[in-house]
Amino acid sequence: MQRFGEVHPEVLDNYEISKRVYLAEVNITKLVKYAKANKKYEEVPKFPAVERDIAVTVEESVEARTD
């Protein structure tokens, strides 16, 4: 159904490629028969939730209120 792996270094040398390269081959025709027929659409939120952690450091001489 599929094959994947790293390209042989001699092939990379022939094309003057200096980085590692990986290839994948997928037979879509065979893969489709395993797909689910009942697809459910979920709308992407216009304003997706965002989580951020912010740390602030200040000198000890800075006064703070807790009210």
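If you read the sequence from its start, that first residue is 1, and numbering goes on from there. Values reported hereafter were calculated over all heavy atoms of this structure, with side chains retained and with hydrogens, waters and symmetry mates removed.
Hydrophobic clustering, with ILVMFWY side chains joined whenever heavy atoms are under 4.5 angstrom apart, groups Ile54 together with Val58. Cluster membership check: Val26 shares its hydrophobic cluster with Val32, using side-chain heavy-atom separations under 4.5 Å among Ile, Leu, Val, Met, Phe, Trp and Tyr. Tyr22 is not connected to Ile17 by any chain of hydrophobic side-chain contacts under 4.5 Å among Ile, Leu, Val, Met, Phe, Trp and Tyr, and they are in different clusters.
The environment of CZ in Phe47 is sparse: at most 12 heavy-atom neighbours from other residues, nucleotides or ligands sit within 6.0 Å. Around OH of Tyr15, the count of heavy atoms belonging to other residues, nucleotides or ligands within 6.0 Å does not exceed 12. Counting heavy-atom neighbours within 6.0 Å of Glu10 CD, excluding the residue itself, gives a total of 12 or less.
Taking CG of Leu12 as the reference point, atom CD of Glu6 lies at 7.5 Å (rounded to 0.5 Å).
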